[in-house]
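Below is one structure; the comments refer to it alone.
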Amino acid sequence: MSVVSLGVRALARREILRYVRMPRSTFLPPLVTNTLFFVVFGVIIGERIRSYGEFSYILFILPGLVVLGVTAQGFQNASFTIFHGRWEDYIEEIQTAPLTYEEMVLAYVVTSALRGLIVGVLIAGVGAIFTLLDPDVATVGLAHPLYVVAFVLVVSVLFSGLGVIGGLWATTFDDLAVMNQFIIRPLVFVGAVFYPLSILDPLWRTVSLVNPMVYMVDGVRYGFLGIAEIDPNTSLVVLTVAAVVTVLVDVWLFRRGYGLTE
Amino acid sequence: MSSQFAISTRDLEKDYGEVKALRGLSLDIGAGQFFGLLGPNGAGKTTFINVLIGLVKKTGGDARVFGFDVEDEYRDVRSRVGVAPQEFNVDRFFPVREVLMHNAGYHGVTKEEAAERADEALRTVGIYEKRDTKFTYLSGGMKRRFVLARALVSEPDLLILDEPTAGVDVELRRALWRIITDLNDDGTTILLTTHYIEEAEQLCDEVAIMDSGRKIAVASPAELTQRGTDTLRIQLSETPREVPDIVGTELEAGSIEAVTTEGREVVVTAKRANAVAPELVRRLDRAGYRATSIDIEPASLEEVFVDLTGGEDESEDDAPESESKRLESPEATT
């Protein structure tokens with residue numbers, strides 16, 4: 001007998017079907033955006049940028065773009081599905097079902113994380129194609145595959161959990177856009193996706209270390225390329241703790257009925 | 001845990017800031033009953049339902065469904081309750097059959113059985129041919145039918161219907177009545193809120209009248225109707241020059257509320273018109289009036305409702321009082 005209840009599986013099925021059946025608005029946009037990133041930053045500009053160590057620039061930015069896709073999609077999915085459910089009131093179907101609050105959060109977080117993971121794999125695939133097309137560039141490899149898996153899993157859960165909070169907090173669609181445009185995206189762009197920390201002044205390097213995105217990008221880069229500027233184990237522990245705390249906050253908010261019952 | 005009551009609340013309170021939506025509501029609804037909840041807008045009916053199903057957190061008091069606490073044992077409560085809300089709250093991403101399957105799944109039903117239940121529920125409410133249509137594209141009546149189907153798909157022991165026939169035509173209303181009456185006959189407890197007094201009168205074993213978050217009365221529709229005032233029309237052989245003074249102290253205190261005239265008719269509003277009618281005719285006779293016919297219009301539940309809740313219907317307030325002797329008490333007329 002499965003440890004995952006039929007109720008959770010039904011909610012998870014509903015959530016996955018929702019985004020799988022709308023690939024034009026769920027999977028195609030990040031695919032197109034990241035293809036453009038690879039074309040502009042990897043090929044056109046990348047050829048003029050000094051390589052980072054033994055790696056070409058396109059390989060250097062690939063882990064960061066994977067993290068960008070995973071975090072953005074995980075956050076976006078969880079925040080949208082919960083906010084839209086509240087907006088249209090159909091989240092009441094879940095609220096009035098005999099699911100525990102832990103089960104509700106589990107279904108939302110896992111399915112949103114899955115969407116992030118799928119997008120992450122797609123981005124890595126696009127990056128791999130670009131490296132295959134260029135004979136002067138080494139193909140994407142996995143120096144430490146377990147680290148890639150661990151970091152991507154933790155990051156996707158963390159941002160899906162944050163998306164749950166965002167979905168419960170938002171009162172308008174503008175709030176969703178604000179969170180994405182003014183919080184998530186800036187963190188990503190100053191999160192060492194496109195540059196190594198070592199090129200920054202000591203002050204900005206220190207400031208950058210406050211940004212959790214730096215640890216995610218650096219950890220995933222360690223998994224892909226085997227290079228890291230921060231101890232990946234420390235990053236992984238900190239991010240795992242952050243993910244667990246975020247999910248616990250999600251459960252607490254659901255139990256309290258925050259954004260749901262008043 | 002089992003309970004003789006499907007719903008039992010004690011001193012239930014709900015405040016929305018300064019607004020008190022429920023003020024110490026204590027109510028018992030027996031298992032298997034067809035129970036009606038009547039009240040004007042803002043009476044607290046929907047808040048009461050939402051407390052039971054977990055959409056609103058109570059401020060105070062106790063609320064149980066089949067003996068289970070609505071907050072501490074919320075899963076036991078929710079697994080036994082199906083709700084058809086007043087406002088549509090349906091997942092619009094999926095065709096309606098899939099929405100039903102998902103909902104059955106949330107209640108722990110396997111995918112295969114969920115498909116069977118979805119089909120059965122859609123057939124029950126008569127929209128099976130629309131199974132592959134999204135909710136948005138259903139007509140208003142079909143949407144009403146669908147929310148009932150969704151409430152049925154978990155095969156609940158308690159079915160809560162919040163204004164299920166609001167805005168639907170007579171034919172559909174009667175079709176929905178048949179469906180929920182059959183369910184009640186099969187043992188499902190029904191809690192119905194409605195603005196249609198006729199609906200409560202025809203369907204419910206017992207009704208509660210609420211106003212401003214309080215319970216005003218609980219009784220069967222027949223008992224409540226008896227609390228209302230009947231209208232007694234006594235046709236005279238000639239038009240009286242003034243309203244006859246026919247109310248005596250020997251008549252049961254408080255049973256007569258008003259005496260008016262309309263042409264040759266003396267119109268008496270009284271608690272139990274059939275009990276006072278013979279004496280009134282005798283008094284008219286002694287006063288020199290000859291009664292040629294008597295007609296009694298029994299009180300309706302709607303009139304009782306209006307009396308108890310202070311009257312929602314503005315036409316009641318606008319009714320002229322000319323030629324009437326409004327009686328404050330029997331003594332005032334003697």
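Heavy-atom basis, side chains included; hydrogens, waters and symmetry copies ignored. Please read these numbers as outputs of a predicted model, since none were measured by experiment.
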Check whether [X] gets within reach of chain A through its side chain, its backbone, both or neither, counting any heavy atom under 4.5 Å.
X	answer
B/V90	both
B/V99	side chain
B/T110	both
B/D91	both
B/E71	neither

[Y] and [X], any side-chain heavy atoms less than 4.5 Å apart:
X	Y	result
A/V193	A/V67	no
A/L62	A/F37	no
B/R123	B/E120	no
A/Y108	A/N77	no

*Would you mind checking which part of A/R256 comes under 4.5 Å of any heavy atom in chain B, side chain (CB onward), backbone (N, CA, C, O), both or neither?*
backbone

*asked:* Does any backbone or side-chain atom of A/L17 lie under 4.5 Å from a heavy atom of chain B? Answer side chain, backbone, both or neither.
replied: both

*Among B/E87, B/M101, B/R150, which has the most heavy-atom pairs under 4.5 Å with chain A?*
B/R150

Just distance, no hydrogens or angles: give the donor-acceptor pairs under 3.5 Å from side chains in residues 150-167 of chain A, sequence neighbours left out.
{"residue": "A/S156", "atom": "OG", "partner": "A/V152", "partner atom": "O", "Å": "3.0"}
{"residue": "A/S156", "atom": "OG", "partner": "A/L153", "partner atom": "O", "Å": "2.8"}
{"residue": "A/S160", "atom": "OG", "partner": "A/A113", "partner atom": "N", "Å": "3.0"}
{"residue": "A/S160", "atom": "OG", "partner": "A/S156", "partner atom": "O", "Å": "2.7"}

*asked:* Are A/Y90 and B/F94, when compared by the centres of their aromatic rings, separated by less than 6.0 Å?
replied: no

